[in-house]
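Worksheet: the structure to be examined is printed underneath.
Letters A, B, ... are given to chains in the order of the sequence lines, protein chains preceding strands, and every chain is numbered from 1. Reckoned from all heavy atoms, side chains included, excluding hydrogens, waters and symmetry mates.
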Amino acid sequence: MSSFPVSEGETAVDVETQHSVEQFLYREADLLDSFALEEWLTLLDKDILLEVPIRVDRHPGSKRPNFSETTNYLREDYEMIRERVGRLEKEYAWSENPRSRIRHVIGNVRVTESTDSELTVANNQHVFRSYGDTADHDLLSAQRHTVLRRPDEDGDGFSIGQRTVYLDHSILNTKNLTLPLL
Amino acid sequence: MSDTDKANNHGSLTDIIEQTGEDIKNGRYPLDIMNNPELYRLELRRIFGQAWIYLGHVSEFEEPGDYARRYIGEDPFILTRDENGELHAFLDSCMHRGAQFCTAENGNTSHFRCPYHGWTYKNDGTLQGMPHMTEAYQDLDEEEITLEEACLETYQGLIFGRIAEEGPPLAEYLGDFTWYLDVLFGATEAGMRVVGEPHRWESSHDWKTSADNFSGDSYHVLTTHQAGLETETLSKGPWEELNDFPAASYLACTDRHSMGYYLSEDRETFMGYPEAITDYLNPTLSAEQRELFGRSVFHFGTIFPNMSLIHGIQSGGWGGPWACIRKWNPRGPGTTETTSWWLVPKEFTDDESFLSESHRGWESLSPGGAFESDDLTIWEGISNSSGAVTHELRNTQGNMQQGMGAMTDEVDTIDDPLHGPAEVTSKGLYFDERNSRTILQSWYEMMSDDQKNDNDPEMEIES
């Protein structure tokens, strides 16, 4: 049976490391929520791969994977992410004009792997999205797996080397999936 | 009273349907048909209950036991390949008490067991047995207990199902559109293959809005997709060769379906496929079909009612070539669940660099895509406004008059066998809206009392 692809095990990290990882994710979430996407881009490594695989409604015990291994809602390298950020800044990128009102709530932050150079971090999140002149909202639920690179000697914080967003929706409940919602 | 007698400010449903039939002749239509609960109920019966509805592609069902949940209208069917290799589509409803028994989007199984009382069916829909069969069902005719099965036919690997037992064969329903399906889904000898799982998302737009958009609307691209077209660094491929998008565009309408496409003057364009494509071309293509495919940059179209297709390379440098099949599943008035499958020629399924570019093209027209994410916002707005009482009280009419009368002297009718048997116009994607009128005319013909056969069930409606 193909299980949910949570990284196995946990790695004990000291309180300070756990704290700094959480603070990094919170700050990043603020940038996304406030559409400060150019600043958000500076957190990404140039070799980043951002993936949002398709989730499938499976029979328990099915040998087929719960998340598609070949198809994604998004599979982006740095160049494509940069093009998308530039796109969203245009007035006529109607998907976010008017802007969605977005709020990430991040929890269950766990460091699952740790080396001298990087940390693998899992976090759960609920992303609230409200759009236009309406009282309605969409709620996107997901678990993210992020590879955080530790700063080099001159660096001043983590950078994002890789990220996969595992959505809890087999049918998306929102009209489109723009970068700030991930 | 029946659905069609339901009174509203238009008088009755019959009136609004017949009014639509009249208005189309003038390139107009009542705006409120795009979000109308009573009309929607009738659409499920008169269109989705009667038409050939796309269900899946044969490459998804290669092994005996392969199955997937697919919908006709809102009805949940299970498409299966049985142990003898035959395809079936069964309603997901047990013949005992109607419980549903399909527990996944897709998978592989030799039988389905109802979770209520354990009635069990083979994957050909016949009864396998049930608990206490010998004690409790001594007088049961087992042959009589088979799942409700839709009519099923395939064309170029495309599987269609129909609820109504009577009606035209699939080839007749598709009509002249088969010529274009040969090019788009039969261009290579091995045919197409679905890759991976489809994108699925639900949004607040009417299925007719997206069916109309995909039937041949490039006019919206200039405004809706300006942000997507303005990339800085991405290679634009064969689109670079097209100096004038309208001049490179064509609109092809049959009597029921519609598509648009862009052609290059370069006969070896092949949508930007790797050069090896010429080794794989299907020898059954006619010379005209081969030339059309060779000059192709991008195709998109709608098979009425709710299947759309794309095959080409994305403008703006956003990837491809890829093929995509869309299904606009109705999920209530003004609500649609879109399913979007990615297909590639089987000959390229091991070419990783091709697949990577092809995936990117497919992704550009997904809810996360640089193009479609903008469409969805706008389509939702259409659904919102179409429910307006103002439209109903004032009989507000929308406009699809491009290409009619003296509106334009830009559009030319093409009479060249290269373009196949449909009625084809040049620049039609930008200056002609025959595509929209064709799709809405198909809607009218299936919805109208005058055009109906008499087996349409009377439906009581709550007052």
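Annotation: A:Y78, atom OH; neighbour count of heavy atoms from other residues, nucleotides and ligands within 6.0 Å is above 12.
Annotation: maximal heavy-atom pairing with chain A below 4.5 Å, among B:E197, B:E372, B:E202, occurs at B:E197. Per-residue counts of heavy-atom pairs under 4.5 Å with chain A were compared for B:S366, B:G381, B:A370; the largest is that of B:A370. Put simply, of B:W318, B:W201, B:W342, the one with the most heavy-atom pairs under 4.5 Å next to chain A is B:W201.
In this structure, the portion of B:R360 lying under 4.5 Å from any heavy atom of chain A is its side chain and not its backbone. For chain A, no part of B:N384 is nearby; none of its heavy atoms comes within less than 4.5 Å. Using a 4.5 Å cut-off between heavy atoms, B:E337 contacts chain A through its side chain alone, with no backbone atom that close. There is no contact between A:E91 and chain B, counting heavy-atom distances below 4.5 Å. Within the 4.5 angstrom heavy-atom criterion, atoms from both the backbone and the side chain of A:S170 approach chain B. With a 4.5 Å cut-off on non-hydrogen atoms, A:E76 touches chain B through its side chain but not through its backbone. Of the two parts of A:L74, the backbone and the side chain both hold a non-hydrogen atom closer than 4.5 Å to a non-hydrogen atom of chain B. For A:N72, the parts sitting under 4.5 Å from any heavy atom of chain B are the backbone and the side chain alike.
Judged as a ring-ring contact (aromatic ring centres under 6.0 Å, His included), the pairs with a partner in residues 100-128 of chain A (not counting sequence neighbours) are, in order, A:F128-A:H137.
In this structure, B:K122 fails the cation-pi test against B:F112, since its NZ or CZ atom is not both closer than 6.0 Å to the six-membered ring centre and inside 45 degrees of the ring normal. In this structure, B:R70 is not positioned above the aromatic face of B:Y54 in the sense of NZ or CZ being under 6.0 Å from the six-membered ring centre and within 45° of the axis.
Taking the ring centroids of A:F67 and A:Y166, they lie under the 6.0 Å cut-off.
Between B:W379 and B:H205, the two ring planes are tilted [angle within 30° to 60°].
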